[in-house]
Amino acid sequence: MPGVVASAARKPPMRPSSLNLPTALTLFRIFLVPLLVVVLLTPPWVTAELRDRVEGVYGIGWVPEAVQWMSEWREVVGVAIFLLAAATDALDGWLARRRGEVTTLGILLDPIADKLLTSSAFISLVELDLAPAWMIVVIVGREFAVSGMRSVAATRGVVMAASPWGKLKTVSQVVAIVLLILTNTLERWGPFGFLGKVMLWLVLLAAIGSAADYFRKFLRAMETWPSPPS
């Protein structure tokens, strides 16, 4: 069945759950999430007050300058944190397969880390009034719906393979989040602030398309499941 494979035949061998380099990268991605939210949502008046409080304190003369720099370049710092976290998403899976370090803990944490990162970024953008709430509800809701279908299928020994729609959704999410965070910067450079909204529409369409594709695969997989005993 296209897109649906038996798990026993295709799953890579797993080691007992342990903290290895790929899993450490996944945990690092999770730890970056609150840092990203703080950078994006801390208002300028808070950083200004913090700068005034520590200014002139002996031994930490560099702190006011650092706080001022963080305030002025908040969007760029937020993008850097987000891209660093997104890079670990690609790197941890590649390292796990390359080094033969696929573990149960890593398989459990990786999708959690992905959803925490993208959901936190999108919700922060709603708080900043840079993204419509209804679009983010649809996009984040799709993540939970697809995760639920894949989990139910996994309990029946079926792996629902990723589709091109899902890969398009993942790439477009990263691009959209970066452009939306940089909305004010892009508007200062010229009439480019709309680019983030355009990409967000692409994310929405890809999310709906991939959800429909997963739902179709899920229904086809259900047809092969044995009926429960009466």
Side-chain angles (χ1 to χ4, degrees), residues 24-92 109-110 112-141 143 169-204 206-207:
L25 286 173
T26 304
L27 289 171
F28 178 61
R29 182 159 76 257
I30 293 175
F31 294 146
L32 284 177
V33 170
L35 178 61
L36 174 65
V37 173
V38 168
V39 168
L40 292 179
L41 297 186
T42 300
W45 68 266
V46 173
T47 55
E49 182 176 343
L50 177 61
R51 184 185 65 249
D52 293 341
R53 285 178 178 273
V54 299
E55 194 169 12
V57 178
Y58 178 76
I60 57 172
W62 57 273
V63 174
E65 287 79 7
V67 172
Q68 179 66 27
W69 184 87
M70 286 283 290
S71 178
E72 292 177 354
W73 295 93
R74 181 180 62 173
E75 295 177 357
V76 175
V77 174
V79 166
I81 294 171
F82 176 75
L83 288 178
L84 176 62
T88 65
D89 181 22
L91 186 59
D92 60 5
L109 289 179
D110 187 65
I112 294 175
D114 296 344
K115 288 171 180 55
L116 279 175
L117 177 63
T118 56
S119 299
S120 299
F122 275 132
I123 293 170
S124 298
L125 290 168
V126 172
E127 177 66 20
L128 293 169
D129 202 26
L130 296 175
W134 72 268
M135 297 178 76
I136 303 307
V137 169
V138 173
I139 293 169
V140 174
E143 299 293 333
K169 185 269 307 178
T170 300
V171 174
S172 60
Q173 272 187 342
V174 173
V175 177
I177 289 172
V178 168
L179 291 176
L180 287 168
I181 293 174
L182 293 175
T183 295
N184 295 327
T185 301
L186 292 172
E187 288 179 348
R188 288 195 296 269
W189 291 347
F192 306 119
F194 70 95
L195 294 176
K197 296 291 178 60
V198 172
M199 284 303 304
L200 188 60
W201 275 102
L202 179 59
V203 174
L204 181 67

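Below, each value reflects all heavy atoms present in this structure, side chains not excepted, and no hydrogens, waters or symmetry copies. Quick note: residue numbers are just sequence positions, from 1.
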Hey, could you give me the [atom1]/[atom2] distance between [X] and [Y], rounded to the nearest 0.5 Å?
{"X": "Thr26", "Y": "Asp110", "atom1": "OG1", "atom2": "CG", "value": "5.0 Å"}
{"X": "Arg29", "Y": "Leu91", "atom1": "CZ", "atom2": "CG", "value": "9.5 Å"}
{"X": "Ser120", "Y": "Ile30", "atom1": "OG", "atom2": "CD1", "value": "10.5 Å"}
{"X": "Leu84", "Y": "Phe28", "atom1": "CG", "atom2": "CZ", "value": "4.5 Å"}
{"X": "Leu204", "Y": "Lys169", "atom1": "CG", "atom2": "NZ", "value": "12.5 Å"}
{"X": "Thr88", "Y": "Leu83", "atom1": "OG1", "atom2": "CG", "value": "11.0 Å"}

If you define the side chain from C-beta out and look only at heavy atoms, does anything of [X] sit under 4.5 Å from [Y]?
{"X": "Val175", "Y": "Val203", "answer": "no"}
{"X": "Leu117", "Y": "Asp89", "answer": "no"}
{"X": "Leu200", "Y": "Pro132", "answer": "yes"}
{"X": "Met135", "Y": "Trp201", "answer": "yes"}
{"X": "Leu40", "Y": "Ile181", "answer": "yes"}
{"X": "Leu128", "Y": "Leu41", "answer": "yes"}
{"X": "Val33", "Y": "Leu36", "answer": "no"}

Notebook entry, point to check: Are the side chain of Ser119 and the backbone N or O of Leu116 linked by a donor-acceptor pair below 3.5 Å?
Noted result: no

Item checked: Donor-acceptor pair, side chain of Arg74 and main chain of Thr42, under 3.5 angstrom ->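 Answer holds: yes.
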
Next item on the list: Pick out which of Ile177, Thr183, Leu182 makes a side-chain contact (heavy atoms from CB on, under 4.5 Å) with Leu180.
Entry: Thr183

Next item on the list: Please report the closest heavy-atom contact between Gly196 and Leu179, naming both atoms and the distance.
Entry: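 Result for this residue pair: CA-CB, 3.6 Å.
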
